[in-house]
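Everything below concerns the one structure shown next.
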Amino acid sequence: VFGGHANAAMTVPWMLLHARRTPGALDRIREEALEPTDVRKPYLEACLRETGRLYTNTQMLRMTKESVDIAGYVLPPRTLVACSPLATQREDNIESIGIYSGASHWNPNRFIEDSTAYSNWFQRAEFVQFGLGIHACPGEKLARLLIFDLILKGWAEKFDFDVVSGLEEGK
């Protein structure tokens, strides 16, 4: 319950803070938020993914079942392995542990420039805001409904919104 609340509740303010610094982003978010429920919202989804990439509360803990080699280290069976998506998804050095170029900067276009990456985003191991496989969040669809169809659509229908301050690049 905590994870679902934190993910959905915190994604919206972080997304709006970052969108404020990106010319035209707030207008695009508002435009797509007002679309009917059955219409695809590629920019809004890309903003959700990019914000989740930067501010996920996901933690990755797994127990090895057998000996496994991870980056040159052989781990015996029953070893607890922990990974922080906040570290791996924010690292700019792709040759070390990083996955994204320009990882410390909010850039929703990274999820829509390549239509293959966009259309298959939920199968990609590098995007883990809602977990993966048997550990995937069962509330992902509810979170999307809350964010897209209730919170953002409600705000866009009733208010003109702008974010007036609160975010410095790289902090």
- Query: Any side-chain donor-acceptor pair under 3.5 Å between W106 and T51?
  - Reply: yes
- Query: Closest approach of A25 and A19, non-hydrogen atoms and distance?
  - Reply: CB-O, 3.5 Å
- Query: Should L152 and V12 be marked as a side chain to side chain contact (heavy atoms under 4.5 Å, CB included) after you check the CA-CA gap, both sets of side-chain angles, and the distance that decides it?
  - Reply: CA-CA 8 Å; L152 290 175; V12 173; 4.1 Å; yes
- Evaluate the side-chain proximity of R110 to N107: yes if any heavy-atom separation is below 4.5 Å, no if none is. yes
- Test applied, side chain to side chain contact (heavy atoms under 4.5 Å, CB included); reference residue, M15; option that passes from L54, I29, L26: I29
- Task: May I ask you to test the I70-L75 pair for a side-chain heavy-atom distance under 4.5 Å?
- Result: yes
- Message: Using 0.5 Å steps for rounding, measure from the NZ atom of K41 to the CG atom of L34.
- Response: 9.5 Å
- Note on the structure: Shortest non-hydrogen pair, P76 vs S67, comes out as CA-OG, 4.0 Å
- Task: Compare all side-chain heavy atoms of V74 with those of V68 and state whether any distance is below 4.5 angstrom.
- Result: no
- Task: Identify the heavy atoms of R30 and W155 that sit nearest to each other, and give their distance.
- Result: NH1-O, 4.5 Å
- Could you tell me whether R28 and E32 have a side-chain N and a carboxylate O separated by less than 4.0 Å? no
- Query: Is a donor on one side and an acceptor on the other found under 3.5 Å between the side chain of T79 and the backbone of T64?
  - Reply: no
- Item | Closest contact, heavy atoms only, I112 versus A46 | CG2-CB, 3.6 Å
- Kindly compute the distance separating NE2 (H105) from CD (E50), expressed to the nearest 0.5 Å. 11.0 Å
